[in-house]
Amino acid sequence: MCVCTGVAAGYGPAGRWSQVKLAELALTGDPTRPTRLTVPDLLGRPQHRVAVSFECATSGVQHHRFSGPRLYDVLADAGPSFDPARRKERLRFLIAVTGKDGHHAVLSWAEIDPDFAGAAVLLAVAVDGAPLDAAGPRLVLPQDRCGARHVSGITAIRVDGGYGFGVPGRAPAGRAHTG
């Protein structure tokens, strides 16, 4: 994966040459290859298209077409820090996605892993044909009836398998064990 500068040059409004600041997302946590990605980086990956209908609490039922790479493919390329041959080990990994507006969503690795649910969760780079270069990618979960886990303008994706849930004597990083 490439580490990006976050700036693109091209013709802007009124045909003038300009530089556009590209939104970046940080891929952190347990991947062996953490990185920063922009929409053009994601466009370089195989693109998938989905038509999605979801219920929005503020504006009713929404219908959109999204395109972008699958979240699973992007994260698998970053090298999650588990042994892929050990299926049950993958079940303890969570994926936390944060948008620039502070909206958060959490998924489990099993939701996106083809050996389990295999949901076609996308990091959308376009919605209804409009590119998201400056806004940043959008998390799209076609299987969700409600759009609450759709995160716009993703700034960070954290893959975490080390939170210590259910492991006696092991506390999450930065927290003392009290039991």
From CA spacing to verdict: side chain to side chain contact (heavy atoms under 4.5 Å, CB included), Arg149, Leu107: CA-CA 9 Å; Arg149 290 199 298 173; Leu107 298 88; 4.0 Å; yes

Criterion side chain to side chain contact (heavy atoms under 4.5 Å, CB included) on Glu111 and Gln143, from CA distance to verdict: CA-CA 10 Å; Glu111 283 182 83; Gln143 73 278 12; 4.2 Å; yes

Trace of the side chain to side chain contact (heavy atoms under 4.5 Å, CB included) decision for Thr98 with Ile154: CA-CA 6 Å; Thr98 304; Ile154 298 171; over 6 Å; no

Can you give the donor-acceptor pairs under 3.5 Å from side chains of residues 115-132 to other protein atoms, not counting sequence neighbours?
from, atom 1, to, atom 2, distance (Å)
Asp115, OD2, Arg90, NH1, 3.0
Asp115, OD2, Arg90, NH2, 3.1
Asp128, OD1, Arg65, N, 2.8
Asp128, OD2, His64, ND1, 2.7

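Of all non-hydrogen atoms in Ala156 and Leu25, the two that sit nearest each other are N-CB, 4.3 Å. The shortest non-hydrogen separation linking Ala105 to Val151 is CB-CG2, 3.7 Å. Closest of all the heavy-atom pairs between Ile157 and Leu75 is CG2-CD2, 4.1 Å. Among all heavy-atom pairs drawn from Arg49 and Ser67, the shortest one is CG-CB, 3.7 Å. In terms of heavy-atom proximity, Ala134 sits nearest to Ala23 at O-CB, 3.3 Å. For Glu89 against Ser81, the heavy-atom pair with the smallest separation is OE2-O, 4.1 Å.
Counting only distance, with no hydrogens or angles, the side chain of Asp41 and the backbone of Thr38 share a donor-acceptor pair below 3.5 Å. For the pair Lys100 (side chain) and Ala135 (backbone), a donor-acceptor distance under 3.5 Å is present. Put simply, the side chain of Gln47 gets close to the backbone of Leu42: a donor and an acceptor are under 3.5 Å apart. Between the side chain of Ser53 and the main chain of His63, no donor-acceptor pair closer than 3.5 Å is present. No side-chain donor-acceptor contact under 3.5 Å links Asp160 to the backbone of Gly29. The backbone N or O of Gly79 sits less than 3.5 Å from a side-chain atom of Thr32, completing a donor-acceptor pair.
Considering only heavy atoms from C-beta on, Asp73 comes within 4.5 Å of His48 through its side chain. Pro137 is listed as a side-chain neighbour of Val39, based on a closest heavy-atom distance under 4.5 Å. The closest side-chain heavy-atom distance from Phe66 to Arg138 is below 4.5 Å.
Sorted by first and then second residue, the ring pair (Phe, Tyr, Trp, His ring centres under 6.0 Å) pairs with a member in residues 72-92 read Tyr72-Trp109, Phe82-Phe93, Phe82-Trp109; sequence neighbours excluded. Identified under the ring pair (Phe, Tyr, Trp, His ring centres under 6.0 Å) test for residues 128-157, with sequence neighbours left out: Phe54-His150.
With sequence neighbours left out, the side chain to side chain contact (heavy atoms under 4.5 Å, CB included) criterion links Arg145 to no other residue. Not a single salt bridge (Lys or Arg N to Asp or Glu O under 4.0 Å) links Glu55 to another residue, sequence neighbours left out. In this view, Thr28 and Ala26, Arg158 satisfy the side chain to side chain contact (heavy atoms under 4.5 Å, CB included) rule, not counting sequence neighbours.
Between the OG1 atom of Thr58 and the CD atom of Gln62 there is a distance of 7.5 Å, given to the nearest 0.5 Å. Between Leu139 atom CG and Asp144 atom CG the span is 9.0 Å, to the nearest 0.5 Å. Between atom CZ of residue Arg86 and atom CG of residue Leu91 there is a gap of 11.5 Å, rounded to the nearest 0.5 Å. Distance check: Thr155 OG1 to His103 NE2 gives 12.0 Å after rounding to the nearest 0.5 Å.
A salt bridge is absent between Arg33 and Asp77; no separation between the charged side-chain nitrogens and carboxylate oxygens falls under 4.0 Å.
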